[in-house]
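Per chain, numbering begins at 1; letters A, B, ... match sequence-line order.
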Number of protein chains: 2
Amino acid sequence: MEEPSARPRRRADAERSIARIVSAARTLLSSDPNARTDDIAKAAGVGRMTLYGHFGTRAELVEAAFTDALRAGDETLSAIDLTGNAREAMTRLLASSWQVVAESAALLTAAEEVLPAGRIRELHAKPVQRMTELIRRGQDQGVFRTDLPTVWLVNVVHHVLHGAATEIRAGRLEPDDAAEVVTKTVQSMLTV
Amino acid sequence: MEEPSARPRRRADAERSIARIVSAARTLLSSDPNARTDDIAKAAGVGRMTLYGHFGTRAELVEAAFTDALRAGDETLSAIDLTGNAREAMTRLLASSWQVVAESAALLTAAEEVLPAGRIRELHAKPVQRMTELIRRGQDQGVFRTDLPTVWLVNVVHHVLHGAATEIRAGRLEPDDAAEVVTKTVQSMLTV
DNA sequence: CAAAGCTCGTACATGGAAGTACGAGTTCTT
DNA sequence: AAGAACTCGTACTTCCATGTACGAGCTTTG
């Protein structure tokens, strides 16, 4: 899908710049989805022109940052053991998921403003699939409800995670309580 | 709270213009939170200058539209009978609520971009209180869980409603199924 | 019916962010 | 060490939506 390493290949300093830019973009956009490219360049310790040399448009930059965040999230979540009892696996998955979601909530907003909905969905494929498989497995095991469409269950879990992120940002939920609250909520949601 | 009818009083044609503008703003902003004031004036069948005569800034206009939507929502929801068994009352409340939320989801986004968070919260006070009271009553009756903060329960219900709105917009949930799906989800969420 | 209150077109001012142009200097790569 | 690749400052150019100014002509209201 991506160009794995097409073209003449980049010089080492260029790679470094790009990495710093993407990282800065992730940071800034994660706290303000409207962060200006200008500020991102500054935060990356790089000239504005350098940034434009690598990312022709703001949209490209946002996409790169978003993709990177998803990659990082996937790395975290794919380390979790999801075998055995699906209910317990879900608890383990949620314990890490809420943080991943919370960290990049604003970044997602930025992406939604700039990328077509289909692209966003595409990039989300992995986490969605992970959750879908787990829920399906739970349904097969008879521990999760089957009276609602699986797609809905998957998505509503995501909405609850985003909800928790919002509540934390608004100061109405303590980060320390998040895992427990989210888990209890989701677990009963998955039960009739 | 508002100025009930302060000042010399407006002329009849002004009242009419304002009503048309607010209504157009509600419509446009409910489908595109970034709708331009220009387009709103056009849709209201009113000159741009007339609009600016009544609303000094875009923010004022958005607030007026948002307030009006909340007023309309409140009108709908306050007609619902919430007495008796809290669980059944909740089902009745949700049956109407999901639509109200879905209709103005984009408008809420517009408001969030332009109004301070506190103001939004303030304007939401009524619906929040309605839901809070119902949940508390259910807890007293012993039909709703008490192992999670009531504030969280109230807010997570809102998030689920918004989630349903999103799924509908994305074509992943049929409007006809919404009420059932939302109800089932929320009811089990409110149970241990 | 007259004054006050509204409407609304055209034209302009403002402001913010995106993206471009140019070109001199620096760092890699081979 | 030479050429290619990259950096990056400064100074535009564009674009687009918000908000203003001015003023002629309609409605309401009392």
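Between B:I21 atom CD1 and C:dC6 atom P there is a gap of 12 Å when expressed in whole angstrom units. Atom CG of A:D32 and atom P of C:dG16 are 16 Å apart (whole Å). Nucleotide D:dC16 holds its P atom 17 Å from the CZ atom of B:R58, rounded to whole Å. Straight-line distance from the CZ atom of A:R11 to the C1' atom of D:dA5: 4 Å, rounded to whole Å. Going from atom OH of B:Y52 over to atom P of C:dA11 covers 18 Å, rounded to whole Å. For the pair A:D38 CG and C:dG16 P, the computed distance is 13 Å after rounding to whole Å. The separation between A:L51 atom CG and C:dT20 atom C1' is 14 Å, rounded to whole Å. Note: CZ (B:F55) to P (C:dC6) measures 13 Å, nearest angstrom.
Residue pairs meeting the side-chain hydrogen bond (donor to acceptor under 3.5 Å, both in side chains) criterion with at least one member in residues 72-88 of chain A, sequence neighbours excluded, are A:R71-A:E75, A:D74-A:K126, A:D74-A:R130, A:D81-A:T83, A:R87-A:Q187, A:R87-A:T191.
Positionally, the nearest nucleotide of DNA chain D for B:N34 lies more toward the 5' end than for the other of B:N34 and B:R16. Remark on DNA chain D: of its neighbouring residues B:R48 and A:G47, the 5'-side contact belongs to A:G47, judged by nearest-heavy-atom nucleotide.
Atom CG of residue B:L153 and atom CD of residue B:Q139 lie 6.0 Å apart, to the nearest 0.5 angstrom.
Between B:H158 and B:H124, the ring planes lie tilted relative to each other; the angle falls in the 30° to 60° range.
For A:H54 and D:dC6, the shortest distance from a side-chain N or O to OP1 or OP2 is not below 4.0 Å. For the OP1/OP2 pair of C:dA18 and a distance below 4.0 Å, the side-chain nitrogens and oxygens of A:T37 include at least one atom meeting the criterion. Contact annotation: A:T50 reaches the phosphate of D:dC8 (side-chain N/O to OP1 or OP2, under 4.0 Å). Look at A:S17 and you won't find any side-chain N or O under 4.0 angstrom from OP1 or OP2 of D:dC6.
Residue A:A12 has its side chain nearest to C:dC28 when only D:dC6, D:dT28, C:dC28 are considered. Minimum atom distance to the side chain of B:R10 is reached by C:dC6, of the listed C:dC6, C:dT20, C:dC28.
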Residue pair A:E122, A:R119: steps toward the salt bridge (charged side-chain N to carboxylate O under 4.0 Å, His left out) verdict:
CA-CA 5 Å; A:E122 220 173 288; A:R119 185 80 186 110; 2.8 Å; yes

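Using a 4.5 Å heavy-atom threshold, the side chains of B:I168 and B:W98 count as touching.
Backbone-only contact: A:R36 has heavy atoms under 4.0 Å from sugar-phosphate atoms and none from a base.
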